[in-house]
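For reference, the structure discussed in these notes is given below.
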Amino acid sequence: MSALSSFPQYALDLVEIYGPPKQRAWGTAVFYDRVEPNTDLDEVALRHYKYFANAADWSTKPRWRETWQCIYQRPTDVPADFFRDLRDATRVGRVDYDDHLLDRLDIAIVFDDQTDSRSVQPNQRTAAALSAAFDAPEVQDFRVYRIGDSEVLEGLLMAAHRGNGEVVMLAFIHD
């Protein structure tokens, strides 16, 4: 686990909004790591998920391990867009893209009565922080994982791996 003093500014901006790493699987937390550039993102994300779930030994929390699943990987041939990726991930993963997620991520839902559709509108600070972390040109791999205990708690872990080995993750969980 990296100390906050080693976090780059884009990760610190996320921490300011979503909170630092923690071993309490509730709410939101930001994780940052520096690994070899060719390290498997699944391994890094799973290690931080275990920390977040306070589950160093999976045998004590089997349902947390069963829930872990990569539900989305950004295609390499499409432009980076965190909000589109999040929408696509929740559709593919059949995750409820509801007010809890958006509220925790500090994103407003805007309904259009004319078209009976809804769109998301983050405030400028949130949009800038999420974009700097997850949409930067240096991001070579972006994935979304399903997390939770498969009973009451559910959530997502979003992870971005940069070409220089930096990995930033945003975890969200609620009941």
### Query
Checking D135 side chain against F82 main chain: does a donor-acceptor pair fall under 3.5 Å?
yes
### Task
Would you mind reporting whether I71 and Y145 have side-chain heavy atoms less than 4.5 Å apart?
no
### Message
Checking H161 against Q140 for the side chain to side chain contact (heavy atoms under 4.5 Å, CB included) test, could you report, in this order, the C-alpha distance in whole Å, the side-chain angles of both residues, the deciding distance, and whether it holds?
### Response
CA-CA 6 Å; H161 191 185; Q140 294 183 345; 6.0 Å; no
### Query
Which atoms form the tightest heavy-atom contact between A160 and A133, and what is the distance?
CB-O, 3.8 Å
### Query
Between the main-chain N or O of G148 and the side-chain N or O of Y49, is there a donor-acceptor pair closer than 3.5 Å?
yes
#### Entry: Any side-chain heavy-atom pair of P20 and F7 under 4.5 Å
no
#### Entry: Any Q73 side-chain heavy atom under 4.5 Å of L41 side chain
no
### Task
Quick one: list whatever passes side chain to side chain donor-acceptor pair (under 3.5 Å) with Q9, sequence neighbours left out.
D13
### Query
If you take all heavy atoms of R84 and P79, which pair is closest and at what distance?
NH2-O, 2.8 Å
### Query
Going through the distances and angles, do D33 and R47 end up as a side chain to side chain contact (heavy atoms under 4.5 Å, CB included)?
CA-CA 10 Å; D33 209 340; R47 181 166 32 89; 2.8 Å; yes
### Task
Name the orientation class of the two ring planes belonging to F134 and F142 (parallel below 30°, tilted from 30 to 60°, perpendicular beyond 60°).
perpendicular
### Residue list, side-chain contact (heavy atoms from CB on, under 4.5 Å) with E138, at least two apart or on another chain
A136, R162
### Task
Would you check if F52 and K22 make a side-chain contact, meaning some heavy-atom pair closer than 4.5 Å?
yes
### Query
When rounded to the nearest 0.5 angstrom, what is the spacing between CG in D88 and CG in D81?
9.0 Å
#### Entry: Side chain to side chain, L130 and L86, heavy atoms closer than 4.5 Å
no
### Message
Measuring from atom CD1 of I173 to atom OG1 of T28, what distance do you get when rounded to the nearest 0.5 angstrom?
### Response
11.5 Å
## Note on the structure
On a heavy-atom basis, the closest approach of G163 and P37 is O-CB, 3.4 Å
#### Entry: Gap between atom CD of E16 and atom OG1 of T126 - 0.5 Å precision
10.0 Å
### Task
Decide side chain to side chain contact (heavy atoms under 4.5 Å, CB included) for N164 and R34; before the verdict, give the C-alpha distance in whole Å, the side-chain angles of both, and the deciding distance to 0.1 Å.
CA-CA 8 Å; N164 65 0; R34 182 101 189 205; 4.0 Å; yes
### Query
Where do Y72 and R143 land on the side chain to side chain contact (heavy atoms under 4.5 Å, CB included) test, with the steps shown first?
CA-CA 5 Å; Y72 179 81; R143 298 180 193 184; over 6 Å; no
#### Entry: Pairwise side-chain contact, V144 with D85, heavy-atom cut-off 4.5 Å (strictly under)
no
### Task
Quick one: closest heavy-atom pair of A129 and I17, and the distance?
CB-CD1, 3.7 Å
### Any side-chain heavy-atom pair of F31 and V44 under 4.5 Å
no
### Query
Any side-chain heavy atom of Y32 within less than 4.5 Å of one from V15?
no
